[in-house]
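Note sheet for the following structure.
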Number of protein chains: 2
Amino acid sequence: MLKGVIKTLTERQKVILQAIVREYTETGAAVGSKALAARLPIHVSSATIRNEMASLEEQGYVQKEHTSSGRIPSLAGYRYYVDHLVNNDAVAHADIQLIQNELSGSFNKIDEIIEESANLLSELTSYTAFTLKPEQADARLSGFRLVPLGNRQVMAILVMDSGEVANQTFTIPRSMSSDQLETVVRLINDQLVGLPITEIVDKLRVEIPAKVGQYMQTPEGFLQIFGRVLDQAATERFFVGGRLNLLNFSVNHNPQDLKSLYQLFDTSDDIASVLSPPDNKVQVKIGNEITNDLLKHYSLVTGTYDVGSHGRGMIAVLGPTRMPYSRMIGLVGAFRQELAAKLLDYYRNLDD
Amino acid sequence: MLKGVIKTLTERQKVILQAIVREYTETGAAVGSKALAARLPIHVSSATIRNEMASLEEQGYVQKEHTSSGRIPSLAGYRYYVDHLVNNDAVAHADIQLIQNELSGSFNKIDEIIEESANLLSELTSYTAFTLKPEQADARLSGFRLVPLGNRQVMAILVMDSGEVANQTFTIPRSMSSDQLETVVRLINDQLVGLPITEIVDKLRVEIPAKVGQYMQTPEGFLQIFGRVLDQAATERFFVGGRLNLLNFSVNHNPQDLKSLYQLFDTSDDIASVLSPPDNKVQVKIGNEITNDLLKHYSLVTGTYDVGSHGRGMIAVLGPTRMPYSRMIGLVGAFRQELAAKLLDYYRNLDD
DNA sequence: TTTAGCACTTACGCTATTTGAGTGCTAAGA
DNA sequence: TCTTAGCACTCAAATAGCGTAAGTGCTAAA
């Protein structure tokens with residue numbers, strides 16, 4: 001039965017596969033030989049198309065929903081399409097305009113830009129979008145301070161040299177004097193400022209508690225606060241836009257699955273690992289190419305953006321495997337450039 | 001045909017209505033005379049039940065899905081049930097235990113307690129829960145300060161005498177000196193501290209800009225930041241828990257409606273007005289008794305909690321009209337007491 | 001290699017038909 | 001006067017049957 005799998009497709013087969021993917025992503029219905037024959041620029045009969053389709057099926061690029069149905073692309077078919085058949089037609093001018101427009105406003109924080117980007121990208125695509133802040137591998141602590149707010153309330157503020165700011169208010173125990181606090185703040189600033197986060201986390205385990213212990217009886221509670229704020233600065237790099245769009249394209253409409261997905265969206269570690277930044281370009285992961293099982297019936301278009309010395313971030317769009325890949329790839333590609341430009345601009349404005 | 005609407009129900013009718021509501025909220029299926037006759041403690045034939053049901057229907061307490069179906073409660077039926085037929089059987093000991101347990105931890109901010117409450121309440125009910133922070137009608141500004149973070153970044157912090165803290169970081173324009181900033185902060189503290197929020201909002205329109213204008217060329221940008229932080233302190237009183245539970249009980253499964261609802265959840269003003277605190281007790285609003293059209297096919301169980309001089313807050317559960325009212329009323333009642341106790345405890349701990 | 005022709009398959013939409021749970025009404029019994 | 005057995009009737013939901021449209025694979029001729 002297996003006549004041996006041929007590795008290369010003829011030109012005509014490519015045209016047909018391309019047409020099948022396009023048609024199917026547009027209409028969502030399996031595409032048959034007759035309709036395809038009418039639609040194709042080349043003039044061949046439906047019977048010929050049928051023969052080619054059979055060949056494509058044998059090679060695993062298309063499949064049938066049932067014995068006598070038309071063909072739909074398989075995951076391998078989508079992969080082939082994305083790798084060889086997308087035409088990089090220009091991104092709609094209106095879309096670029098829109099991106100530039102939305103990003104042209106003035107923002108107070110990086111976070112605002114990144115969050116707005118997630119929303120905009122989801123709006124443009126009607127899917128769910130993720131954005132990650134640029135990660136400076138060597139981000140260092142540049143300052144820590146406590147601001148008394150009265151009534152034993154204190155706000156802890158932590159600043160990274162990347163510009164990240166994290167803060168948290170808490171209540172100090174009655175037993176703690178403001179002198180003690182100040183000493184500890186000075187200690188932290190002396191010992192930890194200038195160090196990268198990873199190192200701080202290490203020191204926070206043994207070295208620092210010992211030193212702080214000289215000034216406080218119970219340093220644990222306080223250092224816990226510090227650790228939490230540090231954690232916040234390090235991990236809150238992640239925004240989701242268009243969560244609700246998931247309702248439109250989710251394959252499985254039962255609430256339990258949706259909940260699992262939404263929970264996944266809220267665990268930044270997991271999502272970050274799924275997005276795993278590859279090379280510098282736009283990358284497409286289709287179906288089970290995505291490492292997370294919850295997402296194996298979806299597709300993910302990710303792109304990195306480069307902000308020079310300020311590190312590199314990511315954007316991504318999550319949608320159905322049946323998505324208009326050409327458009328998505330173009331859009332993510334354009335977006336990463338616009339975003340990089342905006343952020344470079346932001347930092348330039350800040351630094352001088 | 002209308003023999004005249006009788007206003008009072010006989011004992012037997014009450015028993016039957018109660019049974020219909022219970023059965024229907026449990027099973028979701030219209031309840032028929034035969035099944036009911038078997039289930040009821042009183043011994044009457046199904047024919048008798050049918051007669052009584054006809055009477056109940058005439059009075060508007062139950063209705064049919066179609067000519068030959070069993071009966072389901074009408075909104076009026078639910079209302080009667082809630083007003084006269086719920087039995088305040090004790091809230092499950094396990095539930096109270098759970099509430100006390102979850103609230104027994106130590107929290108750094110009121111917000112954490114209130115947020116955790118929303119989550120817990122939604123978990124207990126499997127519905128969506130809302131919590132509002134206690135509102136001190138006369139909350140006043142007790143302090144405003146700016147903390148320079150380096151690189152022209154500044155954090156604005158605002159403290160209310162109720163203990164609320166709001167903050168925001170922003171970037172100051174190059175043209176602004178730190179002297180200018182300090183002057184303005186002093187001005188704000190001199191002029192506005194001690195005033196209730198409403199008054200501040202008024203002054204912020206005319207009086208303050210004029211005064212600030214003496215020290216800055218462009219006070220608008222800065223005052224906008226101040227206004228935004230103020231707004232945050234005033235309006236972020238509101239938490240939602242179990243948003244996703246809506247997927248389980250929403251009447252209408254089309255994405256558009258869900259989106260509208262979720263958007264409603266995010267506009268605190270609208271929700272707050274829907275919840276409109278009534279008397280001190282637990283209150284039930286059924287279907288179109290809720291003023292907001294988006295919610296007119298749901299029911300809302302609200303309860304207020306009293307934190308003495310620190311004001312009064314609210315909790316609420318949003319679920320389907322077909323909900324187990326007895327349990328919900330009991331649960332919300334217990335929760336409001338536990339929450340009030342916890343908050344009183346929190347404030348006592350803070351004040352002295 | 002291509003294509004016309006043909007037998008075959010399958011989903012989908014229609015139209016009965018059956019079944020089961022339930023109703024209202026009537027007339028007899030308590 | 002209230003209760004109840006009995007009966008004819010209704011309707012939703014499930015089931016079965018049937019025609020249609022769109023599609024396929026295969027064969028044989030061009």
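In what follows, every chain begins at residue 1, and chains take the letters A, B, ... in the order their sequences are listed.
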For the pair made of [atom1] in [X] and [atom2] in [N], what is the distance, rounded to whole Å?
| X | N | atom1 | atom2 | value |
| --- | --- | --- | --- | --- |
| B/Ile49 | C/dA21 | CD1 | P | 18 Å |
| B/Glu52 | C/dT23 | CD | P | 13 Å |
| A/Asn51 | D/dT24 | CG | C1' | 11 Å |
| A/Leu56 | D/dG25 | CG | C1' | 16 Å |
| B/Gln63 | C/dG22 | CD | C1' | 16 Å |
| A/Ile16 | C/dT2 | CD1 | P | 10 Å |
| A/Glu57 | D/dG23 | CD | P | 15 Å |
| A/Tyr24 | D/dA22 | OH | C1' | 17 Å |

What is the ring orientation for B/His84 with B/Tyr80, classed by angle as parallel under 30°, tilted 30 to 60°, or perpendicular over 60°?
-> tilted

Is there a side chain to side chain donor-acceptor pair (under 3.5 Å) between A/Ser299 and A/Tyr325 once you walk through the steps?
-> CA-CA 10 Å; A/Ser299 280; A/Tyr325 289 98; 2.8 Å; yes

Could you run down the sub-3.5 Å N/O contacts of the protein with nucleotides 10-14 of chain C?
unit_1, atom_1, unit_2, atom_2, d
C/dT10, OP1, A/Thr67, OG1, 2.7
C/dT10, O4', A/Ser68, OG, 3.0
C/dT10, O3', A/His66, ND1, 3.4

Indicate whether any N or O donor in one side chain lies under 3.5 Å from an N or O acceptor in the other, for A/Tyr81 and A/Arg22.
-> yes

Test item: side-chain donor near acceptor, A/Gln59 and A/Ser55, under 3.5 Å = yes

Quick one: is [N] close enough that its OP1 or OP2 comes under 4.0 Å of any side-chain N or O from [X]?
| X | N | result |
| --- | --- | --- |
| A/Ser33 | D/dG23 | no |
| A/Arg71 | D/dA22 | no |
| A/Lys64 | D/dA22 | no |
| A/Arg50 | C/dA4 | no |

Sub-4.5 Å side-chain heavy-atom contact between B/Tyr78 and B/Arg322 = yes

Side chains of A/Thr304 and A/Gln283: does their closest heavy-atom pair fall under 4.5 Å?
-> no

Should A/Glu289 and A/Arg79 count as an ion pair when the cut-off is N to O under 4.0 Å?
-> yes

